[in-house]
Amino acid sequence: MGEKPLIGSLDGKITKCPPFWFMRQAGRYLPEYRELRSKTGGFIDLCLNRAASTEVTLQPIRRFDPDAAILFSDILIVPYGLGMNVRFEEGRGPLLDAVYDAKGLDKLSIDRNWSRIESTYETVESVKSQLDADKTLIGFGGSPWTVATYMVEGKSSKDYAAVKGWAYRETEGFERLINLLVEATIKHLSLQIDAGADVIKIFDTWAGVLSPEEYQKWVIKPSSKICSELKRRYPNVKIIGFPKGVGIGYLDFASKVGVDGLAIDTSVPPEWAAEFLQNQVTVQGNLDPIALIEGGERMIDQARNIRESLQNGPFVFNLGHGVLPSTPVENLITLAEFLRTPLQ
Ligand code: CP3
């Protein structure tokens, strides 16, 4: 132990050069991804093809040598494992047959169709066997709330009226969906840990659209349940939370949920995170993905400011959201070099 820098940081260690990786470090900005993607059928097929998803997971490691590999998969693999139809259409994003009532809920099962996604755990094993000992393997899932937004809206939403409306109107029915997702997520993450994932990240991309009361009910409470059950089963596993866009809601997340690391989005001032979050958790963040597209001095200045603000506490460098498809690969290479150089 102690040989993986990213796990060291999640354990509270402070370093001169922060361990780093980038959200969505595998994906369309890489020509080798686009080539493999064009040969592998649909996006779900790619996620569930062990050889192809292993290769895609490792592509960014070869390009810029980050401290972690993140399993190549998607948060919508869980609804697929629950028996839903999930498709990705070019230019439209994910499409699902929406669930919005008890009848829809009755069709979902945590056991019946899970074999559809079991190759995911084989990918974890296969990546793990090919990673150097100093690299961390990150497994992940979506939070119950964020996954529910896609299950209930049936697609990416603008206003979340269907899912928020159901939660207000028929709280008990909606709670059944959230509870099912808590259970399914614990199962999915446990199987990834069994297969070799060192760290788990829970993506809560749409946590920021909830009112304060609903945030407690649908984000803080279910995320706490997942963390405490995972920690009970696997006391050594590290967990990173990412409740995107919650502003001062980060304070409650840090003090209540039980994560080791907290990923902050682009809008969070790093000096604020250093003062109010870093005494409780390791902070991960938060370069603007658009600064990464633009590159040059502005990118490095912003990255330097983040490092200066957060380097006196436990810290993992990352972006405030995922790498976008139009990002030049050279900019990630330049940024990685900057992160490996101690600040003057
Ligand atoms: O490299 C990595 O970070 C690992 C892979 C990963 C993907 N999705 C691959 C992907 C991870 C961790 C995710 C998480 C995910 N998926 C989130 C949470 C993080 C975030 O970005 O906010 C969400 C909300 C999803 C759902 C999802 N998947 C959407 C809305 C879309 C369509 C939008 C888009 O970017 O095209 C996807 C597709 C998706 N997931 C792609 C990739 C590489 C693009 C698919 C393609 O190749 O066509």
Side-chain angles (χ1 to χ4, degrees), residues 20-49 52-64 66 68-80 84 86-96 120 123-124 127 136-151 153-158 160 163 185 188-189 192 197 199-209 240-246 263-266 284-286 289 292 318-327 332:
F20 68 92
W21 64 283
F22 304 122
M23 280 189 249
R24 289 277 183 104
Q25 62 189 19
R28 285 163 293 187
Y29 78 100
L30 282 175
E32 58 271 36
Y33 171 84
R34 293 196 298 270
E35 201 199 321
L36 209 146
R37 168 89 163 83
S38 69
K39 289 192 221 143
T40 320
F43 176 68
I44 293 275
D45 299 325
L46 172 57
C47 291
L48 295 175
N49 177 325
S53 59
T54 300
E55 168 59 22
V56 171
T57 305
L58 294 171
Q59 285 172 346
I61 309 301
R62 297 184 198 119
R63 282 280 195 168
F64 50 84
I70 179 161
L71 166 71
F72 188 82
S73 179
D74 198 86
I75 64 168
L76 300 180
I77 281 295
V78 165
Y80 190 67
M84 286 184 87
V86 182
R87 319 178 291 291
F88 284 83
E89 265 176 34
E90 194 67 46
R92 292 188 66 191
L95 296 172
L96 299 83
T120 307
T123 300
V124 173
V127 172
T136 298
L137 176 52
I138 303 176
F140 73 91
S143 73
W145 165 251
T146 287
V147 174
T149 67
Y150 292 99
M151 290 173 74
E153 302 277 343
K155 57 182 176 2
S156 296
S157 174
K158 285 205 167 63
Y160 303 89
V163 63
T185 306
H188 187 50
L189 298 176
Q192 292 178 54
V199 167
I200 290 298
K201 180 159 174 183
I202 302 171
F203 286 91
D204 208 341
T205 309
W206 306 119
V209 306
I240 304 173
F242 181 39
K244 181 173 159 276
V246 300
I264 54 174
D265 66 69
T266 304
Q284 176 181 286
N286 70 338
L292 186 64
N318 205 308
L319 309 179
H321 201 191
V323 179
L324 291 160
S326 60
T327 309
L332 280 96

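In this text, all values refer to a predicted model and were calculated from it rather than measured experimentally. Both ligands and their constituent atoms are indexed starting at 1 by order of listing.
- Close approach of ligand 1 to A26 is summarised as follows: ligand atoms under 4.0 Å from at least one heavy atom of the residue are 1 (O).
- Screening R62, K39, R37 for a salt bridge (charged side-chain N to carboxylate O under 4.0 Å, His left out) involving E55 leaves a single residue, R62.
- With hydrogens left out, the protein atom closest to atom 10 (C) of ligand 1 is F43 CZ, 3.3 Å, a heavy atom.
- For atom 47 (O) of ligand 1, the closest heavy atom belonging to the protein is Y33 OH, 2.5 Å.
- Looking only at protein heavy atoms, the nearest one to atom 38 (C) of ligand 1 is F88 CE2, 3.5 Å.
- The residue E90 has no part lying near ligand 1, judged by heavy-atom distances below 4.0 Å.
- Looking only at protein heavy atoms, the nearest one to atom 25 (C) of ligand 1 is I75 CG1, 3.6 Å.
- Checking R34, K155, R24 against atom 13 (C) of ligand 1, the nearest heavy atom belongs to R24.
- A207 and V246 make their closest contact through CB-CG1, 3.5 Å (heavy atoms, listed as atom of the first residue, atom of the second, distance).
- In this structure, atom 33 (C) of ligand 1 has no protein heavy-atom contact shorter than 4.0 Å.
- Interface of Q25 with ligand 1, defined as ligand atoms under 4.0 Å from a residue heavy atom, comprises 1 (O), 3 (O).
- Residues N49 and A52 approach most closely at OD1-N, 3.0 Å, considering heavy atoms.
- For F242 against K201, the heavy-atom pair with the smallest separation is CB-CE, 3.7 Å.
- Looking at atom 4 (C) of ligand 1, its nearest protein heavy atom turns out to be L71 O, 3.5 Å.
- Applying the 4.0 Å criterion to heavy atoms of I70 picks out, from ligand 1, the atoms 1 (O), 2 (C), 3 (O), 4 (C).
- Against a heavy-atom cut-off of under 4.0 Å, T205 is close to the following atoms of ligand 1: 18 (C), 19 (C), 20 (C), 22 (O), 24 (C).
- Backbone and side-chain nitrogen or oxygen atoms of S156 are examined, and none is located within less than 3.5 angstrom of a nitrogen or oxygen of ligand 1.
- Distances below 4.0 Å separate heavy atoms of R37 from the following atoms of ligand 1: 46 (C), 47 (O), 48 (O).
- With respect to E32 and R63, a salt bridge is recorded, a charged nitrogen being found less than 4.0 Å from a carboxylate O.
- Taking 4.0 Å as the cut-off, P94 counts as a neighbour of ligand 1 on heavy-atom distance.
- Annotation for P94 and L76: closest pair CB-CD1, 3.4 Å, computed over non-hydrogen atoms.
- For the ring pair (Phe, Tyr, Trp, His ring centres under 6.0 Å) test with Y160, the passing option among W145, Y150, W206 is W206; the others fail.
- Counting only heavy atoms of the protein, atom 27 (C) of ligand 1 lies nearest to D74 OD1, 3.7 Å.
- Note: F72 and Y33 have tilted aromatic rings, judged against thresholds of 30 and 60 degrees for the angle between ring planes.
- Considering only non-hydrogen protein atoms, atom 24 (C) of ligand 1 sits nearest to Y150 OH, 3.3 Å.
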- Query: Could you go step by step and tell me if S73 and T120 meet the side chain to side chain donor-acceptor pair (under 3.5 Å) rule?
  - Reply: CA-CA 8 Å; S73 179; T120 307; 4.8 Å; no

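- T146 places none of its side-chain heavy atoms less than 4.5 Å from the side chain of I202.
- From the protein, the heavy atom lying nearest to atom 21 (O) of ligand 1 is H321 NE2, 3.3 Å.
- For E153 and K158, the salt-bridge test fails: no basic side-chain N is under 4.0 Å from an acidic carboxylate O.
- Residue-level proximity to ligand 1 for S73 is carried by the backbone, the only part with a heavy atom below 4.0 angstrom.
- N318 places a side-chain N or O within donor-acceptor distance of the main-chain N or O of M23, the cut-off being under 3.5 Å.
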